[in-house]
Amino acid sequence: MAERGGGPSLSRRSLLKTTGAAAGLAGLSGCVDFIEGDEDRDLGRLGEAETAFGNCWMCHHACGQQLQVNDGTIVDISGVDGHPRGSAGPGTEGTLCPKGLGEMEKAHDPDRITRPYVRKDGELQEVDWDEAFAYTADKLRDLAETHGPETFLDASSWTTTNLHEVVWRDLYGTPERIGRGRHVCFGGAHLSGNLMGVGADMRFVDYQNSEYIIAWGRNIFESFAGQWEPKGVLEALDNGATLVVIDPRHTPTAQKADHWLPIEPRTDGALALAMAHVIIEEGLHDESFIEEWTHGFEAYEEAVADKTPEWAAEITGIDAELIREIAIGFAEAAPAAGIALWTGVGQYAESQKASQNVFALNGLVGNIDRPGGLRLWQGPPFSDPFEVRDIDLPNNAADETPALRKYDEYADQPYRHTTGIGHNIVPEMVENGHIRGIYTHYDNPINDGNSEAWMNALDEMDLVITVDAYWSELTRRADVVFPEAIQLEKDTLIDYAPAWSAYHDRRWMTASEAAVEPLGDSKPGFQILRGIAEEMGWGEYIPWESEAEYNEDMLANVEYSFEEIAEQNYVILEEFGYEAWRENGFNTPTNAFQFDLDEMDAYVRSIEEVEEMEGVDLETGPQWLPPGTLGEMPDEEYPLHFYDTRSVFFAFGADQPLSQQRSQYAARHGLKSADYEGNYLTINPTDADPRGIETGDMVTVESADGAGELMAYVSERTPPGFLTAEFGFGEGVPHEEGFNTMMLHTEGVDPLSSQPDRHIPIEVHANGGDGA
Amino acid sequence: MFYFDPNRCIGCHACSISCKQRHDRDADADDWRTVTHLERGEYPDFQELPVSMSCMHCHDAPCEQVCPPDAIVKREEDGIVTVNRDRCIGCHYCAWACPYGAPTYGDDGLMSKCNMCLGEGPGSGHGKPPKQKAEDGGLKLSCVDNCVGEAIKAGPVSEVMEEASEAAARRFENGAYNSRVIVEPMDEDSAAGMDDVADASINADDEGAAAIPAGGSDADGGASDWLNG
């Protein structure tokens with residue numbers, strides 16, 4: 001545990017004072033009663049602390065944080081009342097989830113990297129910033145001169161500044177960039193949302209106004225994009241809304257649901273088509289919305305004509321009458337009915353088609369951007385600091401074609417038409433010499449898929465620049481390691497999608513000034529990118545001394561200064577209405593919400609190539625693709641489904657090392673006393689018993705492509721034949737205990753979106769002995 | 001008086017973590033506030049109920065009654081049960097008496113537990129002036145302040161009763177849970193049949209617990225104790 005700075009000791013008993021007992025006797029025979037009035041208090045470390053704010057960056061969804069800082073040490077952390085992301089809305093209490101509470105420990109964590117390192121004579125060596133920047137610039141120039149800047153990959157995610165795009169794309173000149181949503185997080189659904197016209201907003205419902213919420217493959221109470229989500233669902237339930245959860249696993253969200261549909265894995269697409277069948281049969285669809293604002297309804301209607309609930313019941317394992325009931329309930333509540341869908345229907349090989357089928361239901365019942373339905377969120381009117389300063393940025397990547405569209409080697413990657421690059425193909429690109437360098441920012445490609453090949457690829461690359469806070473298989477492989485200050489140590493204006501929130505019709509912004517000094521010699525990411533740019537001779541393009549100054553220029557169109565927002569942590573801006581499509585239409589070639597994607601040329605090309613490669617008939621409209629059509633299914637050798645999951649304690653690799661979260665994660669499984677703080681393989685007794693596996697045993701899990709060890713947790717939470725483990729542990733991430741589940745994976749993808757296929761057939765066996 | 005609404009508890013353990021951080025306690029120390037996940041049934045007829053518990057500051061404080069050196073005090077001025085660690089001899093009698101498994105013991109062998117954030121850290125709170133209301137500058141309870149689902153509340157019984165549903169208030173007045181804590185009945189739509197599970201786990205005097213804990217929250221103490229109580 002970290003030494004807690006120089007604050008006063010806890011046992012200090014200053015101002016100890018006994019008072020009369022008459023100040024407020026309890027109402028009920030000795031029950032707790034707090035007194036009113038202004039008695040002297042014992043001032044502990046909180047008594048002398050000053051208040052500061054943060055915007056939680058543990059999962060980068062920016063819940064407001066209120067801190068107590070005593071002599072440079074954060075001694076307490078909690079939420080901010082009424083915060084757009086961290087509360088249920090106006091007049092409600094703000095809180096922090098376990099991740100957000102953990103940022104206090106992260107701020108003072110002695111395990112963090114606090115000095116820059118560069119590779120000299122094969123070894124990573126501690127250097128000062130000047131040397132690190134000079135070394136980096138030399139290597140970048142070498143790479144550009146020898147192989148061209150287009151061989152460098154920008155793989156930064158979760159930066160608190162958008163400067164990386166300017167530095168790598170506009171100035172250095174590479175067209176290659178890997179992000180989160182499309183490439184590794186929920187690619188299938190991300191592509192569908194974008195092509196159909198609702199963007200990435202399909203994850204969130206206008207919860208508080210909703211009468212009928214379907215959490216489709218989503219576990220909103222454990223995995224959320226800000227606490228406004230679980231809080232909003234709880235409010236909706238208080239208001240009498242119906243909650244339906246569609247998930248093979250029993251989750252805390254399923255526990256709170258009115259209906260839990262324990263669906264057969266990867267059969268979401270069939271359920272969605274059958275619901276549409278019922279809705280059309282019952283005449284509950286929104287005819288005027290379909291007529292005026294959609295494209296391709298005929299194809300949809302045709303696709304669902306024979307998809308009866310009885311047909312879907314066979315496939316999904318959900319009773320036909322229940323399918324009918326849910327379809328009717330959803331359609332009757334519409335437009336105050338919404339579907340929240342994220343990774344659950346975004347990470348398997350058939351997920352683009354499956355999510356298209358689900359999203360089509362929104363168009364069918366006309367709930368899009370209407371109160372209680374699928375909200376199309378609008379962010380604040382940020383200005384472009386480069387325009388504000390009249391800086392004429394070059395676009396040095398403008399004439400570069402991404403390698404996947406340039407070289408014949410990638411003709412077998414159909415997603416290249418819609419998506420440009422894929423996570424899984426990068427190791428092959430490295431082998432072919434088309435990628436030779438990379439810049440990562442907290443995003444750790446080693447736990448996102450094709451992990452073994454990625455580790456080899458990182459070894460092969462000429463230049464690996466990484467910005468991170470912890471040592472891992474990624475940072476240890478790097479040529480340059482820049483230690484970044486965490487959000488609580490930076491002046492931060494949250495510009496990552498400040499849209500969805502508990503304020504359903506208001507724009508908002510959230511900001512904070514550094515609560516404490518950066519740990520050791522770490523620096524904000526803005527300063528790191530600016531330092532690289534200056535060494536590269538691009539100083540004139542980035543005149544801002546600090547992130548705060550840059551932030552100020554993002555606010556040219558807003559009545560608040562950065563400092564004014566930071567002082568109060570968040571501000572609520574002007575209202576935005578519903579039904580934005582009435583004014584602007586949808587962001588598609590047809591200007592309509594698209595059931596059928598026949599007008600999307602890039603998509604049509606992808607479809608044709610997949611048809612040829614896989615020997616299947618594909619439609620551009622909604623279509624049922626049985627699991628196994630594009631991905632793998634369990635067989636005799638690997639008879640079990642495996643799928644990775646998220647817990648409420650961790651967000652990707654960023655906070656696994658923190659002790660309180662690890663400990664409670666173990667407690668949540670009743671395994672705190674075990675000498676193990678890795679992830680658990682959750683397995684139903686039906687599968688565990690014949691294999692002689694009990695909770696607490698170490699087991700080996702094996703796929704056709706890889707294997708590893710972790711601790712078993714035997715539970716009825718998961719169905720027979722379907723095993724899960726939390727993502728973000730083991731080899732490759734900072735907390736190396738446990739198993740990196742993506743070591744089970746190599747090249748499987750959704751060929752339409754590039755999303756790594758995270759449903760993997762496996763076998764598991766007990767390691768023997770006494771376990772841990 | 002604590003109040004708990006299992007319908008609003010999302011089982012996230014923010015209460016346990018914020019308690020640990022407020023009182024500067026190491027992660028591997030036993031929790032003053034535990035979250036236990038009670039399970040029942042077989043997939044898919046399966047239910048899981050998260051229950052967040054700590055010292056209840058009982059009106060009849062069984063721990064105080066058995067403490068040989070009188071280290072434990074049920075304070076008249078604010079009802080909070082504190083421990084004077086200068087007097088504690090580490091005999092664990094309180095652990096045997098407590099229906100909730102609330103007392104924990106550190107490397108020094110001395111007892112520590114929830115003090116309703118009367119002070120910060122083990123042993124703090126004892127001998128302190130009465131707890132003040134938050135609006136008068138009293139420290140808010142970290143578990144209450146950080147409960148994502150607003151499932152935990154604390155305060156004078158009259159105030160907490162105002163927040164409770166009619167059904168919960170009636171049960172409390174009828175002596176449910178020995179009038180030590182106010183608990184909302186389970187929602188009938190989503191958790192039918194889980195009421196008896198909650199009752200069995202929270203009402204320690206009830207024989208024959210219907211639920212099995214998901215392993216118990218801690219190695220010793222925690223849910224398994226109050227289930228078997």
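Computed from a prediction, not measured in an experiment: that's the story for all the values here. Naming: A, B, ... by sequence-line order, numbering from 1 per chain. Side-chain atoms are counted along with the backbone in the values below, which use heavy atoms only and exclude waters and symmetry mates.
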Could you tell me whether [X] atom [atom1] has more than 12 heavy atoms of other residues or ligands within 6.0 Å of it?
X: B:Glu135; atom1: CD; answer: yes
X: B:Glu64; atom1: CD; answer: yes
X: B:Asp107; atom1: CG; answer: no
X: B:Gln65; atom1: CD; answer: yes

Hey, could you give me the [atom1]/[atom2] distance between [X] and [Y], rounded to the nearest 0.5 Å?
X: B:Cys117; Y: A:Leu46; atom1: SG; atom2: CG; answer: 9.0 Å
X: A:Glu235; Y: B:Arg8; atom1: CD; atom2: CZ; answer: 7.0 Å
X: A:Gln227; Y: B:Ile10; atom1: CD; atom2: CD1; answer: 7.5 Å
X: B:Asp26; Y: A:Gln660; atom1: CG; atom2: CD; answer: 7.5 Å
X: B:Arg22; Y: A:Ile77; atom1: CZ; atom2: CD1; answer: 12.0 Å
X: B:Ser142; Y: A:Asp76; atom1: OG; atom2: CG; answer: 7.5 Å

Which portion of B:Cys15 sits near chain A, non-hydrogen atoms under 4.5 angstrom: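 Neither; nothing under 4.5 Å.
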Which portion of B:Glu150 sits near chain A, non-hydrogen atoms under 4.5 angstrom: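 Side chain only.
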Could you pull out the closest heavy-atom pair between [X] and [Y], with the gap in Å?
X: A:Pro98; Y: B:Cys12; value: CG-O, 2.9 Å
X: A:Ser663; Y: B:Ala27; value: OG-O, 3.0 Å
X: B:Glu39; Y: A:Ser715; value: OE2-OG, 3.9 Å
X: A:Pro262; Y: B:Pro44; value: CG-CB, 4.0 Å
X: A:Thr95; Y: B:Asp145; value: CG2-O, 3.4 Å

Heavy-atom distance under 4.5 Å between the side chains of [X] and [Y], does that happen here?
X: A:Lys672; Y: B:Asp31; value: yes
X: B:Leu49; Y: A:Gln255; value: no
X: B:Val35; Y: A:Gln664; value: no
X: A:Val648; Y: B:His13; value: no

Between A:Lys256 and B:Glu48, does at least one N-O distance fall below 4.0 Å, as a salt bridge requires?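 Judged by the 4.0 Å cut-off on N to carboxylate O distance, A:Lys256 and B:Glu48 do not form a salt bridge.
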Best-contacting candidate, B:Gly11, B:Pro50, B:Cys147, against chain A by heavy atom pairs under 4.5 angstrom: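 Highest number of heavy-atom pairs under 4.5 Å: B:Cys147.
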A:Lys231 side-chain N/O to B:Gly149 backbone N/O, donor-acceptor pair under 3.5 Å: no
Kindly say whether B:Arg40 contributes a backbone atom to a donor-acceptor pair with the side chain of A:Glu716 at under 3.5 angstrom?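 No, the answer is negative, given that no donor and acceptor are paired below the 3.5 Å cut-off.
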Is chain B contacted by the side chain of [X], its backbone, both, or neither, given a heavy-atom distance below 4.5 Å?
X: A:Phe649; result: side chain
X: A:Leu237; result: neither
X: A:Glu222; result: neither
X: A:Thr695; result: neither
X: A:Pro719; result: both

Quick one: of A:Gln68, A:Gln661, A:Arg662, who has the most non-hydrogen atom pairs under 4.5 Å with chain B?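 With the most close heavy-atom pairs to chain B, the winner is A:Gln661.
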Ring centers of A:His250, B:Tyr43 separated by less than 6.0 Å: no
Just by distance, with hydrogens left out, do A:Arg668 and B:His37 show a side-chain donor and acceptor under 3.5 Å apart? yes
